[in-house]
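Ligands are counted one by one from 1 in listed order, and the atoms in each one are counted from 1 as well.
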Amino acid sequence: MINIVENLRAVQSEIESSRRKSIAGAPVTLIAVTKNHEVEMMQQAIDAGAQHIGENRIQEAAEKFKILNREVTRHLIGHLQTNKAKQAVRLFDLIHSVDSEHLAEAISGAAYSIGKIQDVLIQVNLAKEETKSGVYEENLPRLIEAVDVLKNIHLRGFMLIAPNYSDVENCRPLFRRMYEIFVAIQKTRQNFDYLSMGMTHDYKIAIEEGANVVRIGTAIFGDRNY
Ligand SMILES: *Cc1c(COP(=O)(O)O)cnc(C)c1O
C-alpha cells in the first residue's frame, strides 16, 4: 500500500535539506504530479497538505478537475498543442510548457477571450534532446521577446526537464546553466520568479543548483501503471 501522507512528508523533508544546500536558498514549491493516478489520490495528497498539483494531459486533467472538489493550484507540465490552448487556459493556473511563438499566441488569444492573464513558463531544452519539447537556448531570447508583446500572457519563469541519465550527477551542469540563465533574465524583469526543474530522480540536485519549483510524482504516489 502506498502511504501518500508519509511519502509527502518524506519528500518535503528532503526538499528542505536540499534547500539548505541550495545556491538560491529560496523557498521551494512542491508540485505533486498526479498524472495517471485516480482523482482520489489527488484528493488524498491535497488533504495531506499538497497545495499544488501537476497534470500533463488536457483531457485527463479536465475529467479529474470536474470531480475534484478541493482548492489547489493547478499546473500543466506536459506538452500543449495549439488547438488545446482554450481548454488549457480554463483549466490551469500555470502552464509550464510554452516553447513556440505560435503556441504563445494561441494561449494569449484564448486567455483574452475569457478575460484572463495566463501565467506561463517557457520550457527550455538545454540538452537539445530531439525526443523532448522545449526551445533551444539560442532561440530563447527571441521567444521571450515574442511572448512579451502578447497582452494576455505573463511570463513567470522557465521549466527544464533534464535528460534521464543513469548517473543523476550528470544533470548537475545543466541545472546550473539553467539557473545562470534564469538569474540573468530575472535581473532585467519583474515578477519573473519560477524556475521549475527536478522530478523524482533528480530533484535534490535540481534544488541544490537553484530550482524553486519541483514536479514530483513517483516519490509521492509510487510507480505509474501505463
Ligand atoms: C511525469 C512528470 C514529472 C514527474 O515525474 P516523476 O519521475 O514521477 O517524479 C515531472 N515533470 C514532468 C514534465 C512530467 O511529465
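At a cut-off of 3.5 Å, with distance as the only test, a side-chain donor of N69 or Q43 sits close to an acceptor on the other residue. Checking H79 against S97 by side-chain atom types alone, no donor-acceptor pair falls below 3.5 Å. For the 3.5 Å distance criterion, the side chains of Q12 and E16 fail to qualify, holding no donor opposite an acceptor. For the residue pair E55/T34, the side-chain donor-acceptor check at 3.5 Å is satisfied.
Of the N or O atoms in T200, one or more lie within a sub-3.5 Å distance of an N or O in ligand 1. Note: an N/O pair closer than 3.5 Å links G217 and ligand 1 by distance alone.
With S196 as reference, H96 is the one residue of Q123, H96, H75 to meet the side chain to side chain donor-acceptor pair (under 3.5 Å) rule.
Close approach to T218 involves these atoms of ligand 1, each under 4.0 Å from a residue heavy atom: 6 (P), 7 (O), 8 (O), 9 (O). Near I216, with a cut-off below 4.0 Å to any heavy atom, the atoms of ligand 1 are 9 (O). For ligand 1 and I161, the ligand atoms under 4.0 Å from any heavy atom of the residue are 13 (C). Near R215, meaning under 4.0 Å from one of its heavy atoms, ligand 1 places the atoms 4 (C), 9 (O), 10 (C), 11 (N), 12 (C), 13 (C).
At a heavy-atom cutoff of 4.0 Å, ligand 1 is contacted by no atom of H201, backbone or side chain. Residue-level proximity to ligand 1 for R224 is carried by the side chain, the only part with a heavy atom below 4.0 angstrom.
The side-chain tip of R156 does not point at the ring of F192 from less than 6.0 angstrom away and within 45° of straight on.
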